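What you are looking at is a predicted structure, and each value in this text was computed from that prediction instead of being measured.
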Amino acid sequence: MFTTGLLVLTAPLNQLSHRIAPILHYAAGKVDKILYVHLQPNYTSETESNFLRMTPTTDLCAAVTRLHTGAANLCSRLDIRILLGNVGKPTEPLVYPRTLQNKVEFILTDCVNQNNDNFKKFVEGNYILKPFPKMEFLKESHWKTSSNDNLSGMDWSLPKSEELQTYGHIVLGGTFDHVHAGHKILLSESIMRSERKITIGVTSGPMLESKTLCELIQPVETRIADVRNYIQDVKPHILFDDSVVPITDPFGPSIVVPDMGGIVVSEETRKGGDAVNKRRKEKGLSQLDVHVIDIIEDTCHASHEETKISSSSQRIRLLGTLLRPPRQDHQSTSPYVIGLTGGIASGKTSVCKRLEKLGAAIINCDKLGHKAYEPGMKAYEQVVTEFGQDVVGDDGLINRKALGAKVFADKSRLEVLNQIVWPEIARMAKEQIQQLTSKGHDVCILDAAVLLEAGWQDFVNEIWVCVIPKDEALRRITDRDSIPEEKARQRIEAQISNQARVDQANVVLSTLWEPEVTQKQVESAWELLQERLSETSPPRPKQPKI
């Protein structure tokens, strides 16, 4: 298996529908990360020219869209990059041969006249590849006899070939989170329409807050770097230092740069293109031609995911997976400790119960907190000494309502209380972990709402975080506790943010959807955890359920 490959397609564009599915399927069996695609319709290895310029046309643009759509359905794990460095009008200064961002290890082609020397010269006329990769020529029988018809239901009809309207400077915008086929289609059409420069606004800041699982959106610096890397591969000469920039409003550079000629939008953001032109008119700038691309259907979406190919669905599919390596090595002499945390009403208790049914032992830190206040405990004496005898009720127990009145209006006093109680909870939790060791449990869940605030992450192997949107948390709290929304909001605001939790999480879960969706997330997270444990630990007897 190769990490990076180059697929050179030479079939006429109107014949791609007959061969692309089996070719992509075959390529996915050879390459496991990045597959570059170079389109050179009607090329044969008898052709003498080493670089062949292609004029940007409507049918080429449509073919690129269909290729990306087909690849998303056939081999979504691959990063498909359709190279357009050979596409441009005669006056456009194309750069060749050029270096790609990733080392190509394998070349696959459907070129039927198999003259190895001429084909190698053609490839070297387009790309600098050192050492020259291994080549493989596919035979016609490969796609003529293949039963792979995954794309048979897809519309491969191409429009009449007409020259594409291009501009010296094109603009577009988007979130570009976990760059997917929909983004690549938007970028590809923009790239083909751009002769000299492309400008891309990458949304950031408050514009992200309403998006599904916004806490899992990549940092804007990462998204900008990914877009730049993509364009650098696809068509580098239109990329400048200021080509990809963060934006905190829907307009960004599109309403201040005079020489832009066109804007590319998706069907759902068509109104955004019209709004840009309205603002440009107000500023005395020229109007932009608005080009709209269709929304691409996601044929593999689950019921709680969007029907289109989207970043939201990509983020949903991250739930339950390992986002970053475990914090500590697993010691086979003790249970593997998962610190489970989340905001108020995030469904943490529900997740705990599901994990318990799968075989995990549970340590409930809230119950340990109540125990810490009992007479005879170290924390009991310290609380009474620090806050006075009047916090003790007639029954000899600490009156938590009276104690709360003293600390919740004064953050400094609350901090003092926390520094008394939290260490005692941690001590008891560690004792329980040791007890579970002697009982032979493999996995222990430390159920702790204040895991991060208390610094308890230092004695867990992984941090799992439950998140739900703030509006959903408000609804759950007001329904459950029958309190005014403003009071519920204050409870939420008193906690650390979901983002602060996710930034330290190894695994993220969400109970936002139906219970069966939560169950699938938890089961997936548990199965992946068992795989990690089997890789790092010697075989152990099957863990009994609690």
Side-chain angles (χ1 to χ4, degrees), residues 56 58 61 65 84 87-89 91-93 162-177 179 182-211 214 217-232 234-295 308 310-311:
T58 51
C61 190
T65 294
L84 301 170
V87 179
K89 292 185 176 179
T91 56
E92 194 174 335
E162 297 178 351
E163 193 168 304
L164 201 67
Q165 176 65 56
T166 60
Y167 307 88
H169 191 175
I170 202 90
V171 66
L172 68 152
T175 306
F176 299 104
D177 179 43
V179 173
H183 294 138
K184 291 175 181 178
I185 291 168
L186 181 68
L187 288 167
S188 294
E189 173 146 347
S190 303
I191 288 168
M192 277 192 279
R193 291 186 180 277
S194 174
E195 299 174 10
R196 178 178 54 83
K197 182 177 181 180
I198 190 167
T199 293
I200 302 168
V202 179
T203 53
S204 63
M207 294 180 70
L208 304 176
E209 291 177 359
S210 62
K211 295 187 178 295
C214 62
I217 295 176
Q218 296 169 307
V220 67
E221 297 82 7
T222 300
R223 291 180 281 127
I224 287 174
D226 287 348
V227 172
R228 287 191 64 87
N229 181 275
Y230 184 83
I231 299 172
Q232 185 67 41
V234 175
K235 196 172 184 180
H237 81 265
I238 62 173
L239 184 66
F240 292 81
D241 289 343
D242 61 347
S243 281
V244 190
V245 297
I247 58 173
T248 55
D249 61 58
F251 305 106
S254 67
I255 60 170
V256 295
V257 179
D259 72 343
M260 292 174 174
I263 182 170
V264 180
V265 299
S266 67
E267 184 64 45
E268 62 185 0
T269 59
R270 180 195 294 264
K271 292 181 179 179
D274 296 335
V276 165
N277 272 331
K278 181 179 179 181
R279 294 290 294 272
R280 285 181 70 90
K281 184 176 181 180
E282 292 170 357
K283 292 174 175 286
L285 299 176
S286 61
Q287 298 288 279
L288 304 180
D289 290 345
V290 179
H291 296 279
V292 183
I293 65 166
D294 293 333
I295 292 171
K308 64 172 184 175
S310 73
S311 294

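- Annotation: side chain of Met260 is in contact with side chain of Pro253 (closest heavy-atom distance under 4.5 Å).
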For the pair Lys308 and Glu267, evaluate salt bridge (charged side-chain N to carboxylate O under 4.0 Å, His left out) and give the outcome as yes or no after the intermediate values. CA-CA 11 Å; Lys308 64 172 184 175; Glu267 184 64 45; over 6 Å; no

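- Two residues are said to be in side-chain contact when any heavy atoms from C-beta on lie closer than 4.5 Å; Leu288 and Val276 meet this criterion.
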Between Met192 and Thr166, does a side chain to side chain contact (heavy atoms under 4.5 Å, CB included) hold up when you go through it step by step? CA-CA 7 Å; Met192 277 192 279; Thr166 60; over 6 Å; no

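- When all heavy atoms are compared, the tightest approach of Leu84 to Ser188 is CD1-O, 3.9 Å.
- Side-chain atoms of Ser204 come within 3.5 Å of backbone N or O of Ile247 as a donor-acceptor pair.
- In terms of heavy-atom proximity, Arg280 sits nearest to Val257 at NH1-O, 3.0 Å.
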Steps toward side chain to side chain contact (heavy atoms under 4.5 Å, CB included) verdict (Ser311, Thr175): CA-CA 8 Å; Ser311 294; Thr175 306; 5.5 Å; no

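- By the side chain to side chain donor-acceptor pair (under 3.5 Å) test, Lys281 is found to be paired with no residue, residues two or more places apart in sequence or in another chain being considered.
- Residue Ser286 holds its OG atom at 8.5 Å from CG of Asn277, rounded to the nearest 0.5 Å.
- At least one side-chain heavy atom of Arg223 sits less than 4.5 Å from a side-chain heavy atom of Thr203.
- Formation of a donor-acceptor pair under 3.5 Å by the Arg193 side chain with backbone atoms of Gln165 is found in this model.
- Each salt bridge (Lys or Arg N to Asp or Glu O under 4.0 Å) pair with one or both residues in residues 243-264, not counting sequence neighbours, appears once here: Arg196-Asp259.
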Checking Leu172 against Leu187 for the side chain to side chain contact (heavy atoms under 4.5 Å, CB included) test, could you report, in this order, the C-alpha distance in whole Å, the side-chain angles of both residues, the deciding distance, and whether it holds? CA-CA 8 Å; Leu172 68 152; Leu187 288 167; 4.0 Å; yes

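- Asp241 CG: 12 or fewer foreign heavy atoms inside a 6.0 Å radius.
- Glu195 and His169 share no donor-acceptor pair across their side chains, judged by distance under 3.5 Å alone.
- In this structure Tyr167 satisfies the side chain to side chain donor-acceptor pair (under 3.5 Å) test together with Asp289, His291, sequence neighbours excluded.
- Across every non-hydrogen atom of Ile255 and Lys283, the tightest pair is O-CD, 2.9 Å.
- Within the 4.5 Å cutoff, side-chain heavy atoms of Lys184 are placed close to those of Val179.
- Within the model, atoms OG of Ser310 and CD of Glu268 stand 8.5 Å from one another, a figure rounded to the nearest 0.5 Å.
- Among all heavy-atom pairs drawn from Phe251 and Arg279, the shortest one is CE1-NH1, 3.1 Å.
- A side-chain contact (heavy atoms from CB on, under 4.5 Å) with Ile224 is found for exactly one of Asp226, Thr222, Val220, namely Val220.
- Scanning all heavy atoms of the two residues, the minimum distance from Met207 to Lys211 falls at O-CE, 4.0 Å.
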Audit row: Ile293, Val264, side chain to side chain contact (heavy atoms under 4.5 Å, CB included) steps and yes/no: CA-CA 7 Å; Ile293 65 166; Val264 180; 4.1 Å; yes

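- Proximity of Phe240 to Ile198: side-chain heavy atoms (C-beta onward) are nowhere separated by under 4.5 Å.
- The shortest non-hydrogen separation linking Arg228 to Val244 is CG-CG2, 3.6 Å.
- Side-chain polar atoms of Lys197 and Ser243 form no donor-acceptor pair below 3.5 angstrom.
- In this structure a side-chain-to-backbone donor-acceptor pair under 3.5 Å is missing from Asp177 to Ile217.
- Considering only heavy atoms from C-beta on, Ile263 stays 4.5 Å or farther from Ile170 through its side chain.
- A donor-acceptor pair under 3.5 Å is absent between the side-chain atoms of Thr269 and the main chain of Val265, judged by distance alone.
- Between Thr199 and Asp242, every side-chain heavy-atom pair lies at or beyond the 4.5 Å cut-off.
- Residues Ile231 and Ile238 meet the side-chain proximity criterion, which asks for heavy atoms closer than 4.5 Å.
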